[in-house]
Amino acid sequence: MKIKELETFSPEETFALGEEMGRAAKPGEVYSLIGDLGVGKTVFTQGMARGLGITEPVSSPTFTIVQVYEQGRMPFYHFDVYRIGDLEEMEEIGYEDCFYGDGLSLVEWGCRIEELLPETYREIRIEKDPEQGFDYRKVTIREVGI
Ligand code: ADP
Ligand code: MG
C-alpha cells in the first residue's frame with residue numbers, strides 16, 4: 001500500500017490536482033473520495049472531469065447515485081453515495097458495470113460502500129486544518145491493493 005500526502009492552498013490548486021490525476025487515469029480505475037462537507041470533493045471531481053476532456057459542467061449527483069459523462073476520452077462515472085440507504089441500491093443501478101468497465105469511477109463518500117469497492121482502488125482523503133488557514137487542504141492519496 002502506497003501513501004502520498006499533498007497540500008493545496010486554494011480551490012484552483014485542488015482542481016489542478018484533480019485535473020492532473022484525470023489526465024493520468026486509465027480505464028477501469030476506481031477512486032474513492034473522502035472528506036467532510038465543503039472540503040472540496042466536488043472541486044476535485046470537476047478537475048478530474050476536465051482532465052478526462054469533459055467540458056460540460058459537473059456537479060454532485062443529487063437525485064441519482066451516479067451521473068455518467070460520455071464526453072471525455074473515457075466514460076466518467078461520478079457517484080455520490082452520501083445518502084445511500086443500503087448496498088442493494090448500488091446493485092440496482094448496476095455499479096459493477098462501472099467499477100469493472102472501461103471508464104473511470106469516482107465515488108464521493110466511497111467509505112460508505114467500502115464492501116463493494118474493488119480489490120484495487122485509490123482513496124483520496126481531503127481534510128482541512130484550521131491552523132493552516134481557511135483555504136488549506138491536506139490531500140492524502142492511498143493506493144489500496146495496487
Ligand atoms: P464538497 O464537495 O466536499 O462538499 P465543495 O467542493 O462543494 O465541497 O466545496 C469546497 C469549498 O471550499 C468551495 O467553496 C471552495 O471554493 C472552497 N475551498 C477553499 N479552499 C479550497 C481548497 N484548497 N481546495 C478545495 N476547495 C477549497
Ligand atoms: Mg460535493
Undergrad: Would Met48 and Tyr121 show up in the same hydrophobic cluster when neighbours are defined by side-chain heavy atoms closer than 4.5 Å?
TA: no
Undergrad: Report, as yes or no, whether the 6.0 Å neighbourhood of atom CG on Asp129 holds more than 12 heavy atoms from other residues, nucleotides or ligands.
TA: yes
Undergrad: Under 6.0 Å from the NZ atom of Lys138, do we count more than 12 heavy atoms belonging to anything else shown?
TA: no
Undergrad: Passes side-chain contact (heavy atoms from CB on, under 4.5 Å), Arg137 versus Gln132? Steps please.
TA: CA-CA 8 Å; Arg137 301 291 188 269; Gln132 306 265 8; over 6 Å; no
Undergrad: Any side-chain heavy atom of Arg142 within less than 4.5 Å of one from Arg122?
TA: no
Undergrad: Between Leu52 and Met74, is the side-chain contact (heavy atoms from CB on, under 4.5 Å) condition met? List the steps.
TA: CA-CA 7 Å; Leu52 290 173; Met74 65 178 93; 4.0 Å; yes
Undergrad: Write down the atom of Tyr100, the atom of Leu116, and the distance for their closest heavy-atom approach.
TA: OH-O, 4.4 Å
Undergrad: Could you walk me through whether Phe76 and Val68 pass the side-chain contact (heavy atoms from CB on, under 4.5 Å) check?
TA: CA-CA 6 Å; Phe76 182 46; Val68 183; over 6 Å; no
Undergrad: Hey, does the side chain of Lys2 reach the backbone of Ile141 with a donor-acceptor pair shorter than 3.5 angstrom?
TA: no
Undergrad: Between Val139 and Val144, is there shared hydrophobic-cluster membership here, with clusters defined by ILVMFWY side-chain heavy atoms closer than 4.5 Å?
TA: no
Undergrad: What is the minimum heavy-atom distance between Val58 and Ala49, and which atoms define it?
TA: CG2-CB, 3.7 Å
Undergrad: With Ser32 as reference, evaluate Ile113, Leu106, Leu117, Val81 under the side-chain contact (heavy atoms from CB on, under 4.5 Å) test and give the passing residue.
TA: Leu117
Undergrad: Check for a donor-acceptor pair, side chain of Glu143 on one end and backbone N or O of Ile3 on the other, with a separation under 3.5 Å.
TA: no
Undergrad: Using distance alone, with no hydrogens and no angle criterion, decide if Tyr69 and Glu56 have a side-chain donor and acceptor under 3.5 Å apart.
TA: no
Undergrad: For Gly40 and Thr14, which heavy atoms make the closest approach, and how far apart are they?
TA: O-CG2, 4.1 Å
Undergrad: Examine Val30 and Tyr77 and state if one hydrophobic cluster contains both, with Ile, Leu, Val, Met, Phe, Trp and Tyr joined whenever side-chain heavy atoms are less than 4.5 Å apart.
TA: yes
Undergrad: To the nearest 0.5 Å, what is the distance between CD on Gln67 and OG1 on Thr45?
TA: 12.0 Å
Undergrad: Between Glu29 and Tyr31, is any side-chain donor less than 3.5 angstrom from a side-chain acceptor?
TA: yes
Undergrad: Using 0.5 Å steps for rounding, measure from the NE2 atom of His78 to the OG1 atom of Thr42.
TA: 6.0 Å
Undergrad: Distance from Thr55 atom OG1 to Gln71 atom CD, nearest 0.5 Å?
TA: 3.5 Å
Undergrad: Please report the interatomic distance CG(Asp80) to CD(Glu108), rounded to the nearest 0.5 Å.
TA: 4.5 Å
Undergrad: Measuring from atom CZ of Arg112 to atom CD1 of Ile34, what distance do you get when rounded to the nearest 0.5 angstrom?
TA: 10.5 Å
Undergrad: Assign the ring pair Tyr95 / Phe99 to parallel, tilted or perpendicular, where the plane angle (0 to 90°) is split at 30° and 60°.
TA: perpendicular
Undergrad: Considering non-hydrogen atoms only, spot the tightest contact between Ile126 and Val39 and give its length.
TA: O-CG2, 3.5 Å
Undergrad: Looking at Arg125 and Glu123, does any basic side-chain N land under 4.0 Å from a carboxylate oxygen?
TA: yes
Undergrad: Linking I/L/V/M/F/W/Y whenever any side-chain heavy atoms sit under 4.5 Å apart, do Leu33 and Met21 land together?
TA: yes
Undergrad: Please check if the number of heavy atoms outside Asp102 that lie under 6.0 Å from its CG is greater than 12.
TA: no
Undergrad: Indicate the atoms forming the closest heavy-atom contact of Ile65 with Met90, along with that distance.
TA: CG2-SD, 4.1 Å
Undergrad: Can you hop from Leu37 to Tyr136 via hydrophobic side chains spaced under 4.5 Å?
TA: no
Undergrad: Any sub-3.5 Å donor-acceptor pair from Glu89's side-chain atoms to Gly85's backbone N or O?
TA: yes
Undergrad: What heavy-atom pair brings Phe79 and Ile93 nearest, and what distance separates the two atoms?
TA: CE2-CD1, 3.8 Å
Undergrad: Working to the nearest 0.5 Å, report the span between CZ of Phe15 and OG of Ser10.
TA: 11.5 Å
